[in-house]
Amino acid sequence: MNLLAECQGAKRIGISGHIRPDGDCVGSCLALYQYLKKGLPEAVVQVYLENPAETFREIGGFEDILAPLEEQETFDVYFALDCSGDRLGGAERYYNGAGKKINIDHHISNSGSGDVNLVRPEVGSCCEVLFELFDKELLDADIAKAVYIGMIHDTGVFQYSNTRPETLRIAAQLIEYGFDFPGIIQETFYQKTYLQTQIMGRVLMESVRFLDGHCIVGWVDRRTMEFYNVSSKDFEGIVNQLRNIEGVDCAIFMYETDIQEFKISLRTSDKVDATKVVGPFGGGGHMRAAGCTMKGTFHDCVNNLSRYIAEQLDK
Ligand code: AMP
Ligand code: MN
Ligand code: MN
């Protein structure tokens, strides 16, 4: 895919990623935003994201991110990044109404929602997929930094099994641009606020193991979220911490999004395919990291998930 050729003649171009945007989502949107503005100076380029975390403010273009609230003129081209077209939240209507829909992603569960699709499940991050599309002549330190942030978030700083030799070769090219990479890893990936650390501690302390210790679940209800004054953005990293526990093949983290509704996050070892556990509940993601939203009580959700986990562990 040639990004600039796909946008040839477009006057208005929109870019969005999934709801509850993570590092790869914000990094992808802002990398493409900066790239298109540079490559197509005549076009109006806009990025719409719901509530990106303030920790990403260091990425160029962050202050230009718009909330998908008001009615918009239609877009000639609209990009859905790091997800399928049905997880864009309020920007879904911009995407669906666009002259040309382009979907670039790396989720195995995405069958392609655009007029033009590039879904590469073997690649660790959407940023990495984008990097391979970028004309290297247009790259600069700001674009490189945005790509790098997405890569470190989705690969757990090049630790997870989705890290390819090519991932590291790309990272090597990126850090040549000379941005402060230790600083952004610390500030966007490892650093937590005091409250985030407290809520993580509480979830870990109250977590419960089941299926002979192969599974663990941690959760937060609305009341606790209100007590600590925390929201979904503050839970990043909790599920990974649960997954780090010895003997655990499937870690589940869930928080209440509404009455009897939970957002579920899964992280698994090679014994459990996470997409097969959340798939029956309309979720998706990757083999080792996936998510979904479920209705019911806490116990209903855990019971329902546990069936699909046990099935795989039994094999
Ligand atoms: P999370 O646990 O929310 O960090 O998500 C883990 C991975 O699964 C990420 O790549 C998400 O984009 C993806 N994911 C989470 N929820 C869903 C969903 N409902 N549908 C499709 N993919 C999801
Ligand atoms: Mn993502
Ligand atoms: Mn991603």
Side-chain angles (χ1 to χ4, degrees), residues 18-25 51 53 55 87 107 109 153-156 159-160 162 189-190 192-193 195-211 213-258 260-269 271-310 312-313:
H18 56 79
I19 49 167
R20 293 184 278 264
D22 52 23
D24 186 32
C25 179
N51 270 317
T55 43
R87 280 179 76 215
H107 288 86
S109 49
H153 276 257
D154 267 22
T155 62
Q159 183 203 344
Y160 307 150
N162 59 3
F189 192 80
Y190 291 112
K192 303 267 173 252
T193 64
L195 279 178
Q196 286 165 346
T197 310
Q198 278 197 312
I199 191 80
M200 181 187 290
R202 184 161 166 170
V203 172
L204 299 179
M205 196 166 71
E206 293 175 350
S207 63
V208 175
R209 288 189 296 177
F210 60 104
L211 295 178
H214 289 290
C215 236
I216 190 159
V217 60
W219 71 97
V220 183
D221 59 22
R222 304 243 15 124
R223 241 187 37 200
T224 311
M225 285 172 74
E226 277 157 27
F227 178 79
Y228 286 94
N229 190 25
V230 290
S231 67
S232 62
K233 285 186 243 183
D234 299 306
F235 303 143
E236 199 84 26
I238 294 181
V239 69
N240 293 310
Q241 203 57 49
L242 290 167
R243 167 68 191 91
N244 282 338
I245 295 166
E246 188 182 14
V248 167
D249 291 304
C250 180
I252 304 172
F253 172 67
M254 47 199 282
Y255 64 89
E256 221 176 350
T257 43
D258 210 331
Q260 301 228 338
E261 186 190 275
F262 290 89
K263 165 70 177 78
I264 315 279
S265 282
L266 250 70
R267 297 294 183 271
T268 60
S269 73
K271 294 202 176 74
V272 179
D273 179 344
T275 59
K276 290 195 178 141
V277 180
V278 298
F281 309 104
H286 314 281
M287 301 256 274
R288 309 275 89 90
C292 65
T293 297
M294 288 174 85
K295 299 258 185 210
T297 64
F298 167 75
H299 287 99
D300 292 337
C301 295
V302 176
N303 275 332
N304 289 331
L305 290 167
S306 129
R307 210 181 103 204
Y308 294 96
I309 300 164
Q312 294 191 52
L313 288 173

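For this chain, numbers begin at 1 and follow the sequence in order.
For residues 295-306, the pairs satisfying salt bridge (charged side-chain N to carboxylate O under 4.0 Å, His left out) are E261-K295, with sequence neighbours left out.
A distance of 11.5 Å separates CG in D234 from CD in Q198, rounded to the nearest 0.5 Å. We find the CG-CD1 distance between N304 and I264 to be 9.5 Å, quoted to the nearest 0.5 Å. To the nearest 0.5 Å, atoms CD1 (I309) and CG (D273) are separated by 11.5 Å. Taking CG from N51 and NZ from K233, the interatomic distance works out to 4.5 Å, rounded to the nearest 0.5 Å. Annotation: the span from D154 atom CG to Y160 atom OH amounts to 8.5 Å, rounded to 0.5 Å. Of the inter-residue distances, the one linking L211 atom CG with Q312 atom CD reads 11.5 Å to the nearest 0.5 angstrom.
Taking every heavy atom of both residues into account, C250 and V272 meet most closely at CB-CG2, 4.5 Å. Shown here for Y255 and S232, the closest heavy-atom pair between the two residues is OH-CB, 3.0 Å. Annotation for R288 and A274: closest pair C-CB, 4.3 Å, computed over non-hydrogen atoms. In terms of heavy atoms, G283 sits closest to C292 at CA-CB, 3.5 Å. Smallest separation of non-hydrogen atoms from A290 and H286: CB-O, 3.8 Å. Of all heavy-atom pairs spanning K192 and E236, the tightest one is NZ-O, 3.3 Å.
With sequence neighbours excluded, the residues satisfying side-chain hydrogen bond (donor to acceptor under 3.5 Å, both in side chains) with T193 are Q196. Applying the side chain to side chain contact (heavy atoms under 4.5 Å, CB included) test to A289 and every residue at least two apart in sequence or in another chain returns R267. In this structure, the side-chain hydrogen bond (donor to acceptor under 3.5 Å, both in side chains) partners of H153, at least two apart in sequence or on a different chain, are T188. Every residue meeting the salt bridge (charged side-chain N to carboxylate O under 4.0 Å, His left out) condition with R202, not counting sequence neighbours, appears here in chain and number order: E206. Looking at residues two or more places apart in sequence or on another chain, you find a side chain to side chain contact (heavy atoms under 4.5 Å, CB included) between S207 and I216, L242. Among residues two or more places apart in sequence or in another chain, the salt bridge (charged side-chain N to carboxylate O under 4.0 Å, His left out) test is passed with K276 by none. Residues passing the side chain to side chain contact (heavy atoms under 4.5 Å, CB included) test with H214 are D212, D249, L313, sequence neighbours excluded. With sequence neighbours excluded, the residues satisfying ring pair (Phe, Tyr, Trp, His ring centres under 6.0 Å) with F253 are F235. Annotation: side-chain hydrogen bond (donor to acceptor under 3.5 Å, both in side chains) contacts of H18 (sequence neighbours excluded): D22, D82. Judged as a side chain to side chain contact (heavy atoms under 4.5 Å, CB included), and not counting sequence neighbours, the contacts of V217 are V208, F210, I252, M254, F298, V302.
Between the side chain of S109 and the main chain of G285, a donor-acceptor pair closer than 3.5 Å is present. A side-chain donor-acceptor contact under 3.5 Å links T268 to the backbone of M287. Checking side-chain atoms of R243 against main-chain N and O of V248 turns up a donor-acceptor pair under 3.5 Å.
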Under 3.5 Å, which donor-acceptor pairs do the side chains of residues 222-230 form with other protein atoms, sequence neighbours left out?
from: R222; atom 1: NH1; to: E256; atom 2: O; distance (Å): 3.1
from: R222; atom 1: NH1; to: T257; atom 2: O; distance (Å): 3.4
from: T224; atom 1: OG1; to: D221; atom 2: OD1; distance (Å): 2.5

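With contacts defined as side-chain heavy-atom distances shorter than 4.5 Å, the pair M294/L305 qualifies.
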